[in-house]
Amino acid sequence: MCEEFMWNKTAEMSQVHESETPEDKVVEILCRLPPKSLMRFKCIRKSWCTLINRPSFVAKHLNNSVDNKLSSSTCILLNRSQAHIFPDQSWKQEVFWSTINLSIDSDEHNLHYDVEDLIIPFPLEDHDFVLIFGYCNGIVCVDAGKNVLLCNPATREFRQLPDSCLLQPPPKGKFELETTFQALGFGYDCNAKEYKVVRIVENCEYSDDEQTFYHRIALPHTAEVYTTAANFWKEIKIDISIKTYHCSCSVYLKGFCYWFASDNEEYILAFYLGDETFHIIQLPSRRESGFTFDYIFLRNESLASFCSPYNPSEDSKLFEIWVMDDYDGVSSSWTKLLTVGPFKGVEYPLTLWKCDELLMLASDGRATSYNSSTGNLKYLHIPPILNKVVDFEGLIYVKSIVPLK
């Protein structure tokens with residue numbers, strides 16, 4: 001089908017300016033194809049392989065994918081996991097990645113979708129989880145047990161990052177430093193033209209040899225940055241409260257990494273990849289109304305956040321969606337986009353994949369899509385069927401051929 005698409009595009013190329021060379025025409029055709037087809041075409045001709053590997057071609061293909069001019073559907077990457085228990089009571093963590101292409105019939109408002117399971121050769125041990133902590137330009141940053149990996153699901157390529165310069169082995173006695181991974185962020189530094197990973201580390205020590213919670217002494221956080229070009233971590237300055245807790249996947253937008261964080265109250269922690277500095281962004285005040293913010297996500301070219309009542313009803317849940325205007329590193333403003341619900345049998349929202357279409361996780365572990373304009377609620381069948389989902393993540397995903405090696 002992709003080959004047929006390729007040759008059909010030649011008709012459109014008849015309108016190309018006469019000054020363009022045959023190679024220019026080939027580039028215009030190939031840069032509109034999906035990554036799976038391009039990986040196959042690299043094996044057809046050596047010249048095509050060289051062309052597809054060029055940084056200029058990779059950038060052109062990425063721009064086309066981000067613009068999404070060739071498709072009306074939205075691609076979402078799903079990460080799910082469950083524990084598989086064997087008869088001898090030993091167990092293994094099973095990880096499932098899928099992409100789901102969602103679209104809506106504009107006339108009938110019917111939801112259409114197709115699911116593709118992905119086989120990613122993660123270097124995992126039996127009990128390792130795989131958690132998504134960042135995403136940018138088709139590359140996903142994941143924590144996989146003892147390893148931090150960059151992965152391009154579209155090309156099945158991954159890159160294992162070197163060991164941290166801050167994390168240390170577990171302490172053996174009192175007043176020895178204990179370091180714990182707290183948060184990861186991933187994004188593209190437009191100034192340096194390279195990808196970076198930032199990691200925040202929580203530090204503490206104990207006043208007794210048993211290392212009990214009541215004898216825990218919190219110490220200032222530390223942070224480090226990894227650059228793909230240098231291929232090593234370096235420590236950077238960070239100044240946030242020792243009580244800060246991060247509980248979300250980072251969101252990358254326009255040179256910033258963002259985390260949902262809390263320190264008695266919820267706020268957003270921002271990291272600018274250009275000068276490698278941290279900033280704090282206040283969330284709208286919703287405490288008087290009995291609402292609390294949960295986490296953040298990306299909606300089009302804006303940062304957004306869900307909030308819900310402090311004490312939701314057991315059989316129904318209500319959600320508000322707030323959107324932040326452009327953040328310039330100093331000031332920000334928020335607007336409430338919409339209120340959805342109450343819902344029965346819904347665990348929590350995952351992402352807003354259209355202006356009025358909300359992807360959520362149901363209480364039984366199934367994904368469901370809700371249209372706020374029509375009130376339609378549809379469950380999505382995403383094989384394999386999982387009996388007990390330990391983790392379920394979903395993010396709007398753009399397929400790319402950005403290399404990792």
Side-chain angles (χ1 to χ4, degrees), residues 74-83 93-102 115-125 127-161 181-188 195-200 226 228 245-253 256-261 268-269 271 273 294-299 303-306 347-353 359-361 365 367 380 382 386 389-400 402 404:
T74 300
C75 182
I76 293 179
L77 176 68
L78 295 180
N79 172 35
R80 304 97 75 208
S81 60
Q82 71 174 3
Q93 194 69 27
E94 295 184 310
V95 178
F96 304 95
W97 274 30
S98 304
T99 57
I100 176 170
N101 293 294
L102 295 154
V115 181
E116 178 185 2
D117 289 332
L118 304 177
I119 307 300
I120 309 295
F122 291 123
L124 301 176
E125 298 180 6
H127 298 170
D128 286 347
F129 289 86
V130 172
L131 297 175
I132 297 175
F133 278 94
Y135 164 75
C136 176
N137 293 345
I139 302 175
V140 182
C141 180
V142 302
D143 178 66
K146 301 179 179 65
N147 303 313
V148 175
L149 308 172
L150 298 180
C151 174
N152 185 328
T155 61
R156 310 297 202 273
E157 184 183 11
F158 69 88
R159 176 174 181 169
Q160 184 171 329
L161 273 57
F181 155 71
Q182 181 68 248
L184 276 175
F186 172 67
Y188 185 70
Y195 291 91
K196 293 182 177 180
V197 180
V198 55
R199 173 160 42 197
I200 300 173
Y226 167 88
T228 51
Y245 175 72
H246 311 83
C247 52
S248 73
C249 168
S250 70
V251 172
Y252 170 79
L253 178 64
F256 282 87
C257 287
Y258 299 95
W259 298 268
F260 176 83
I268 291 176
L269 181 65
F271 177 76
L273 293 162
D294 298 315
Y295 57 91
I296 57 176
F297 65 101
L298 193 62
R299 178 189 177 270
L303 189 69
S305 182
F306 292 113
E347 194 70 23
Y348 55 82
L350 293 169
T351 189
L352 193 70
W353 64 274
L359 188 70
M360 301 181 293
L361 178 66
L380 309 181
I382 306 173
L386 303 180
V389 178
V390 178
D391 177 72
F392 198 121
E393 297 175 285
L395 60 86
I396 296 177
Y397 174 70
V398 173
K399 296 179 181 179
S400 79
V402 175
L404 296 178

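Values reported hereafter were calculated over all heavy atoms of this structure, with side chains retained and with hydrogens, waters and symmetry mates removed. Starting from 1, each residue takes its place in the sequence as its number.
Ring-centre distance between Tyr252 and Tyr188: not below the 6.0 Å cut-off. Ring centroids of Tyr397 and Trp97 are separated by 6.0 Å or more, keeping the two rings apart. For Phe186 and Tyr195, the ring centers are positioned less than 6.0 Å apart.
In this structure, Cys141 SG and Leu150 CG are separated by 5.5 Å, a value rounded to the nearest 0.5 Å. From Thr99, atom OG1 reaches atom CG of Leu118 across 5.0 Å, with rounding to the nearest 0.5 Å. Distance CZ/Phe158 to SG/Cys151: 8.0 Å, rounded to 0.5 Å. Put simply, CD1 on Ile296 and OH on Tyr258 are 9.0 Å apart, with the number rounded to the nearest 0.5 Å. Separating the SG atom in Cys249 from the CD atom in Glu393 is a distance of 6.5 Å, to the nearest 0.5 Å. Taking CG of Asp143 as the start and CZ of Arg199 as the end, the distance is 8.0 Å to the nearest 0.5 Å.
A donor-acceptor contact shorter than 3.5 Å is absent between the side chain of Arg299 and the backbone of Ala304. With hydrogens and angles ignored, the 3.5 Å screen pairs no side-chain donor or acceptor of Ser250 with any backbone N or O of Cys257.
Across all their heavy atoms, Lys196 and Leu273 have their closest contact at NZ-O, 3.0 Å. Taking both residues in full, the closest heavy atoms of Ala144 and Leu149 are given as CB-CD1, 4.0 Å, listed atom of the first, atom of the second, then distance. Glu157 approaches Val402 most closely through the heavy-atom pair OE1-O, 4.5 Å.
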